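Since the structure is predicted, the reported quantities are computational estimates derived from the model, not experimental observations. We're numbering straight along the sequence, starting at 1. Values below: all heavy atoms of this structure, side chains included; hydrogens, waters and symmetry mates excluded.
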Amino acid sequence: MNRLQCPCCGFYTIESENEVIVDICDVCFWQYDVIAQERPNKNIGANHIPLNQARENYKLYGVCKKEFRDLVRAPLEEELPENNMV
């Protein structure tokens with residue numbers, strides 16, 4: 001299965017870009033949201049946090065929002081960017 005790269009943590013964890021399917025990254029807990037990607041400084045969409053802030057939080061806490069730390073896992077080998085180069 002070809003997965004998409006999570007716009008928050010950068011790992012290949014997103015199974016579908018279909019907005020009807022709620023796909024949440026298991027590594028950073030970011031809910032895939034095309035609109036939030038188009039406007040990364042705006043607090044819009046289901047995540048209730050701007051994408052750029054979520055990226056900063058990931059760098060600091062390993063998760064898009066600090067309170068989600070117990071809901072995530074480390075990336076799997078097949079989700080690493082170096083294993084998804086085309």
Side-chain angles (χ1 to χ4, degrees):
M1 168 189 283
N2 288 337
R3 293 178 181 227
L4 300 170
Q5 191 171 27
C6 175
C8 180
C9 67
F11 295 105
Y12 285 78
T13 57
I14 305 301
E15 294 183 16
S16 175
E17 61 186 328
N18 185 336
E19 290 292 315
V20 175
I21 299 170
V22 176
D23 206 356
I24 297 175
C25 177
D26 292 330
V27 174
C28 70
F29 214 70
W30 177 259
Q31 183 174 330
Y32 191 79
D33 182 343
V34 174
I35 302 302
Q37 285 175 239
E38 292 172 356
R39 297 186 174 148
N41 292 313
K42 298 280 264 178
N43 185 0
I44 54 176
N47 292 290
H48 303 287
I49 184 174
L51 176 56
N52 284 338
Q53 181 61 57
R55 288 173 175 156
E56 285 301 312
N57 287 348
Y58 184 75
K59 289 177 192 172
L60 293 171
Y61 311 115
V63 66
C64 69
K65 286 185 180 179
K66 193 175 180 179
E67 59 265 27
F68 296 149
R69 285 195 287 192
D70 294 335
L71 302 174
V72 297
R73 62 165 172 76
L76 304 175
E77 190 74 23
E78 63 266 20
E79 296 168 340
L80 300 175
E82 59 266 24
N83 295 330
N84 286 278
M85 298 298 171
V86 178

Side chain to side chain donor-acceptor pair (under 3.5 Å): which pairs involve residues 38-47, sequence neighbours left out? Asn41-Asn52
With the side chain counted from C-beta on, respond yes when [X] and [Y] share a heavy-atom pair under 4.5 Å apart, and no when they do not.
{"X": "Arg55", "Y": "Cys28", "value": "no"}
{"X": "Tyr12", "Y": "Cys6", "value": "no"}
{"X": "Val72", "Y": "Val63", "value": "yes"}
{"X": "Glu79", "Y": "Thr13", "value": "yes"}
{"X": "Cys8", "Y": "Leu51", "value": "yes"}
{"X": "Cys25", "Y": "Tyr32", "value": "no"}

Supply the atom-to-atom distance [X] [atom1] to [Y] [atom2], rounded to the nearest 0.5 angstrom.
{"X": "Phe11", "Y": "Glu78", "atom1": "CZ", "atom2": "CD", "value": "12.5 Å"}
{"X": "Asn2", "Y": "Glu15", "atom1": "CG", "atom2": "CD", "value": "11.5 Å"}
{"X": "Cys64", "Y": "Glu67", "atom1": "SG", "atom2": "CD", "value": "8.0 Å"}

According to a 4.5 Å side-chain heavy-atom criterion applied to Ile, Leu, Val, Met, Phe, Trp and Tyr, with indirect links allowed, do Leu71 and Ile24 form part of one hydrophobic cluster?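 In one cluster with Leu71: Ile24, yes.
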If two hydrophobic side chains count as joined below 4.5 Å and joins carry through other members, does Val34 share a cluster with Ile14?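 Val34 clusters together with Ile14.
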Sort and list the pairs that fulfil ring pair (Phe, Tyr, Trp, His ring centres under 6.0 Å) and have at least one residue in residues 34-84, not counting sequence neighbours.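 Non-adjacent pairs meeting ring pair (Phe, Tyr, Trp, His ring centres under 6.0 Å): Phe29-Phe68.
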For [Y], does its backbone N or O pair with a side-chain atom of [X] as donor and acceptor, under 3.5 Å?
{"X": "Asp26", "Y": "Arg73", "result": "no"}
{"X": "Gln5", "Y": "Gly10", "result": "yes"}
{"X": "Asn84", "Y": "Leu80", "result": "yes"}

Does a donor on one side chain sit under 3.5 Å from an acceptor on the other, for Asn57 and Gln53? yes
For a quick test of reading the model, state the closest non-hydrogen atom pair linking Pro75 to Val27 and the distance between them.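 So the minimum-distance heavy-atom pair works out to CA-CG2, 3.7 Å.
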